[in-house]
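Note that the structure is a prediction, hence the values are computed from the model and not measured. Protein chains get the first letters and strands the later ones, always in sequence-line order, with residue 1 at the start of each.
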Protein chains: 4
Amino acid sequence: MNTGSPAEAARSARAEQRRHQLLTAAARLMERDGFHGVSMQALAEEASVSVGLIYRYFGGKDEVLLAVIWRVLDAFASQVPEAIDKAGPDPVERTAAAFAAYCTIIDEHRHAAVLTYRESRTLSTEGRARIKSAEVETGRPLRACLREAIDEGLFRDVDVELCSYDLLLLAHGWALKYWYFEHSHDLQDYVRTQTALMFGGLLRPEHRGAYTHLLAG
Amino acid sequence: MNTGSPAEAARSARAEQRRHQLLTAAARLMERDGFHGVSMQALAEEASVSVGLIYRYFGGKDEVLLAVIWRVLDAFASQVPEAIDKAGPDPVERTAAAFAAYCTIIDEHRHAAVLTYRESRTLSTEGRARIKSAEVETGRPLRACLREAIDEGLFRDVDVELCSYDLLLLAHGWALKYWYFEHSHDLQDYVRTQTALMFGGLLRPEHRGAYTHLLAG
Amino acid sequence: MNTGSPAEAARSARAEQRRHQLLTAAARLMERDGFHGVSMQALAEEASVSVGLIYRYFGGKDEVLLAVIWRVLDAFASQVPEAIDKAGPDPVERTAAAFAAYCTIIDEHRHAAVLTYRESRTLSTEGRARIKSAEVETGRPLRACLREAIDEGLFRDVDVELCSYDLLLLAHGWALKYWYFEHSHDLQDYVRTQTALMFGGLLRPEHRGAYTHLLAG
Amino acid sequence: MNTGSPAEAARSARAEQRRHQLLTAAARLMERDGFHGVSMQALAEEASVSVGLIYRYFGGKDEVLLAVIWRVLDAFASQVPEAIDKAGPDPVERTAAAFAAYCTIIDEHRHAAVLTYRESRTLSTEGRARIKSAEVETGRPLRACLREAIDEGLFRDVDVELCSYDLLLLAHGWALKYWYFEHSHDLQDYVRTQTALMFGGLLRPEHRGAYTHLLAG
DNA sequence: CATGAATGAGTGTTCATTCAT
DNA sequence: TATGAATGAACACTCATTCAT
């Protein structure tokens, strides 16, 4: 008998692809019909697998939801810092990049993003606690940027907690009322306009001149 | 002989009280456990009535949810214009008053307010359509204030649709993440700080001086 | 205190009228929707009284059904012998008159008549037993006529039980498949044709000549 | 590699057996307690399956009833023509064979046969319409025999519609009042006696001699 | 006598989950 | 691995019945 390392790798890749396939189907269905509106039967059908198989990859329906939400939070955790880094050293630019990154990720996971807001009460206390703490974590890079910008005297001395919450909420707003905007704005519009609006309130007057490219909503 | 009007009035009053009793219980429970997490049995118990009685006042569970949401939208429709009127003729003050009114109403209906965001997918297409159009209606007075303020050159020329959406979203934010803020902010804090932040971005620099009381977050 | 004999009579008349009103409504509704398809609410509405009042006149829903059925059986008990008497002394004529009477009564109580067949399983064992024995009773005059006609050598020596059952079943057939016949036959047609058919089988050949008026279907 | 046909066949056979198991249990229970007197729970218990499984094979309780009734009508459609064919060319013999076949099938499906009469109001308009038209279809071979016998001058010129209705009703009579006859007649008795009675009425006097075996009730 | 608001046991139905294959 | 038949607890909803007015 061998350890089958390559076979194991293949199996693992296959498993990962299955998870992906299932989570994407779940996100699409749950966004449309809500968590409770999606049966495991329907999910299995949408993902073209059998019901039983879902239970090989997830402990139950709740865990599927948790994983769907988790994927978004994961994307935040990995892609937002990256986007901030790319934006260079200026804290204002970094903040703007962070906001844009949040919006982009939400757009990419539009189906799943709303679930954070809509289905949180569905989860077990423990699952909810994990989500909450991950959400708080999610905001950390944004809060750091804001604090930097304030410390360097570029932004007014706003409440960092509140402001980062607002920016995140507005980023989610793209998904929450997508049906409202989809005909009038595309993602770029949305990001540009929101940035102009919010940064107009954040920048100290004396530095506005340096960021006209951000303020031109 | 009289028309029996008093007996009818008493009955009607009783019915109104029942509806209130049920909707309050429903809002509280649904906020905590989500629409699907609340059984009619549980609702009946919470409201101290029998299951059957609920069906005398509402056509079904969906209709209860619809009515809960409707009550908030109703409060917006009646109380926001009133608050705006009281704020006098200045469009900036009127806008600020409108935002404060939204926040206050949401605080008063904290349980119910989140349901608009969370449980919309639960409703029938028709119910959802009614809610959507009522929501759009809800924003009308705010949009009017904003447009006035822009037309008079007090606010920058922002996208009225988007901006009113932001303000409404932030107002709802008080309910959506109440658990996050309740230990650090009270409603007044929240309104004041958000007002300062947003109006800082909206007011043209030359008029900021006239509204320092709003900008001191 | 007085015995209020006239008042009592008035009250009793009123009560009788109520019972009639209720039973007629019940028969109509139950024929259309079946016993289980008729709620006490619906019955109350149809009879233009309140739900509570029904319980003043009947012990419960089952008892209403029982009474509806009973009314038909009562009509049989009182009207069939009368019709037989009117038919004179000839046992064949008497039998024919009995059959016609059954059919006529069923036509008059068309709604209720089918309930005997349809809803018997609904009743309590005791109620069913009472109905059964009343039904057997119902056939007694018919059986007597048949026996007479056989004894006098007018009818062939058929099984009286079976034959009376057949005639009763065919009489009920008018109500059971009313929807099938109503466009092609009226009651008179039905009775005449069935009589011709059945009496053709019953009469001994040598007496057929004397009853051509019955055999001309 | 094969097409998996044997596995599929096995599954399908299993499914067919389940349907049979369920329908037989349903017929038995519904005959005893009426459609509304049988709960899905009770049906599941009687059939030794779980409630949920019933819904895998039938769309709902109504559909179970429909299927129960349908099975009888199916038996009529397939077995009656066969029985007629076996009876040879003589239209009288054919008619007698048809009647006997109806009675036999009803006896075999005694539980289900009564449901046609009792529970028709329970079904949806559409289901009822399907049953009605199937019932009319059911009588077609009998009507054909009767017409033949009349055309050949063997039977009197009776109303074919009505007469076939009578014969069918009498066949059902065996199930409708089984409790009444079971101690005095067996199926053969019943068929023989009813045949004698009815054919006595149908045959023209000049042909009675040729069918004494049918007329000796 | 008459009302109809209120009750709650009972119903049909769904669906997350399991497990023999 | 993968299937999907089978389970049964839980649900929304109905309606016969009661009783305060």
Do you see a donor-acceptor pair shorter than 3.5 Å between the side chains of A:R14 and A:Q17? no
Side-chain N,O (C:Y57) to OP1/OP2 (E:dA2) below 4.0 Å: yes
Contact check, side chains of D:V38 and D:E46, non-hydrogen atoms, under 4.5 Å: no
How many whole angstroms separate atom NZ of D:K61 from atom P of F:dT14? 16 Å
Is there a side-chain contact between B:V64 and B:L22, using heavy atoms and a 4.5 Å cut-off? no
Roughly how many Å is it from CG in A:L65 to C1' in E:dT17, rounded to a whole number? 17 Å
Round to a whole Å and report the spacing from CD1 of D:I54 to P of E:dT14. 12 Å
Does D:V38 reach a base, just sugar-phosphate, or nothing at all? Heavy atoms under 4.0 Å. sugar-phosphate
Ranking D:S50 and C:V51 by the position along DNA chain F of their nearest nucleotide, the one closer to 5' is D:S50
List the steps and the verdict of side chain to side chain donor-acceptor pair (under 3.5 Å) for D:H36 and C:R121. CA-CA 10 Å; D:H36 288 97; C:R121 293 293 144 145; over 6 Å; no
E:dA5 C1' sits how many Å from C:Y55 OH, rounded? 15 Å
Whole angstrom value for the distance that separates P of E:dA9 from CD of D:Q41: 17 Å
Hey, does the side chain of D:R14 come within less than 4.0 Å of F:dA6's phosphate (OP1/OP2), counting only N and O? yes
Cut-off 3.5 Å, side chains only: do D:R32 and D:H111 have a donor facing an acceptor? no
By nearest nucleotide on DNA chain E, pick out whichever of B:G52 and D:L53 is the more 5' one. B:G52
Is the phosphate of E:dC15 approached by A:S39 (side-chain N or O, under 4.0 Å from OP1 or OP2)? no
With nearest nucleotides of DNA chain E determined for A:M40 and D:G37 from heavy-atom distances, which residue corresponds to the more 5′ nucleotide? D:G37
Upstream residue (5' side of DNA chain F) when D:R56 and B:H36 are each assigned their closest nucleotide: D:R56
To the nearest Å, how far apart are C:L29 CG and F:dC15 C1'? 15 Å
Opposite nucleotide pairing with E:dC19, Watson-Crick or G-U, both atom distances under 3.5 Å: F:dG4
Between P of F:dA2 and CG of A:L43, the distance in whole Å: 15 Å
Expressed in angstrom and rounded to an integer, what is the separation of C:E45 atom CD from F:dC15 atom C1'? 14 Å
